[in-house]
Amino acid sequence: VQLQASGGGLVQAGGSLGLSCAASGRTFSILTMGWFRQAPGKEREFVAVISWNSGNTYYADSVRGRFTISRDNAKNTVYLQMNSLKPEDTAVYYCTADPPSPEFTTTPGYYFGMAYWGKGTQVTVSS
């Protein structure tokens with residue numbers, strides 16, 4: 001599985017930005033998909049995850065209520081809609097994918113072991 005994120009850019013605080021991640025491969029529809037981010041000088045941070053059928057989603061506390069993860073299995077694409085952006089949201093955002101697991105977990109640490117990682121896209125929020 002290859003992942004290609006796009007949609008990053010520069011936006012003012014309070015603004016919105018939408019990221020997309022196109023995946024190759026026939027197995028996209030069964031993959032758990034996620035987003036991570038990494039700010040300069042900081043560790044990589046879990047952002048959000050969505051199950052294969054969109055039935056389950058989970059967000060980091062820092063983005064819950066502002067960000068929305070979604071997917072379109074027909075287009076092999078996962079999205080991250082980011083609203084009410086803050087300067088602290090500035091980071092490189094990475095798309096991730098993992099084979100389905102028996103249960104959907106809401107433990108962010110679990111997702112650091114996701115099997116597939118794409119190249120990131122830069123999001124910069126100015127104050």
Side-chain angles (χ1 to χ4, degrees):
V1 176
Q2 292 186 332
L3 305 171
Q4 181 63 56
S6 61
L10 174 64
V11 63
Q12 289 188 337
S16 298
L17 201 61
L19 304 182
S20 299
C21 176
S24 65
R26 300 179 180 179
T27 60
F28 176 85
S29 63
I30 66 170
L31 296 174
T32 297
M33 301 296 298
W35 290 94
F36 281 71
R37 67 186 182 186
Q38 188 166 17
K42 295 188 177 181
E43 295 185 351
R44 191 164 292 188
E45 177 188 16
F46 167 82
V47 175
V49 66
I50 187 168
S51 62
W52 67 275
N53 62 352
S54 302
N56 291 289
T57 58
Y58 184 69
Y59 299 90
D61 290 344
S62 57
V63 307
R64 188 174 294 115
R66 300 187 297 121
F67 290 11
T68 302
I69 188 171
S70 61
R71 65 190 294 162
D72 185 339
N73 287 348
K75 296 182 179 180
N76 279 16
T77 302
V78 63
Y79 306 96
L80 186 69
Q81 179 62 39
M82 305 182 293
N83 299 328
S84 302
L85 283 161
K86 305 174 181 179
E88 51 263 44
D89 294 318
T90 295
V92 176
Y93 283 71
Y94 297 90
C95 174
T96 65
D98 207 45
S101 58
E103 294 186 4
F104 184 82
T105 179
T106 58
T107 303
Y110 171 84
Y111 294 107
F112 282 84
M114 294 183 83
Y116 306 102
W117 293 74
K119 294 182 180 180
T121 185
Q122 176 71 47
V123 172
T124 303
V125 185
S126 63
S127 58

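Index from 1, following the sequence. Only this structure's heavy atoms are used, side chains among them; waters, hydrogens and symmetry mates stay out.
Residues satisfying the side chain to side chain contact (heavy atoms under 4.5 Å, CB included) criterion with Asp89, sequence neighbours excluded, are Arg37, Arg66, Phe67, Leu85, Lys86, Tyr93, Val125.
Listed by first and then second residue, the side chain to side chain donor-acceptor pair (under 3.5 Å) pairs that reach into residues 1-18 are Ser16-Asn83, sequence neighbours excluded. Each side chain to side chain donor-acceptor pair (under 3.5 Å) pair with one or both residues in residues 97-109, not counting sequence neighbours, appears once here: Thr105-Thr107. Applying the salt bridge (Lys or Arg N to Asp or Glu O under 4.0 Å) test to pairs two or more places apart or on separate chains, none has a residue in residues 110-127. Note on residues 14-115: pairs passing disulfide bond (SG atoms under 2.5 Å apart), not counting sequence neighbours, are Cys21-Cys95.
Here the shortest heavy-atom pairing between Leu3 and Ala23 reads CD2-CB, 3.6 Å. The shortest non-hydrogen separation linking Ser127 to Pro87 is CB-CG, 3.9 Å. Scanning all heavy atoms of the two residues, the minimum distance from Gln81 to Gly18 falls at OE1-CA, 3.8 Å.
Using a 4.5 Å heavy-atom cutoff, the side chains of Leu17 and Val123 are in contact. Counting heavy atoms from C-beta on, the side chains of Ile69 and Trp35 come closer than 4.5 Å.
Between atom CG of residue Leu80 and atom OG1 of residue Thr121 there is a gap of 11.0 Å, rounded to the nearest 0.5 Å. Between atom OG of residue Ser29 and atom CG of residue Asn73 there is a gap of 5.5 Å, rounded to the nearest 0.5 Å. To the nearest 0.5 Å, the span separating OG1 on Thr96 from OH on Tyr116 amounts to 12.0 Å. Atom CG of Asn56 and atom CD1 of Ile50 lie 9.0 Å apart (nearest 0.5 Å). The CE atom of Met33 sits 8.5 Å away from the OG1 atom of Thr77 when rounded to the nearest 0.5 Å. Taking CG of Leu10 as the reference point, atom CD of Gln122 lies at 9.5 Å (rounded to 0.5 Å).
Under the 4.5 angstrom side-chain criterion for Ile, Leu, Val, Met, Phe, Trp and Tyr, the cluster partners of Tyr58 are Phe36, Phe46, Val49, Val92, Tyr94, Phe104, Tyr110, Tyr111, Phe112, Met114, Trp117.
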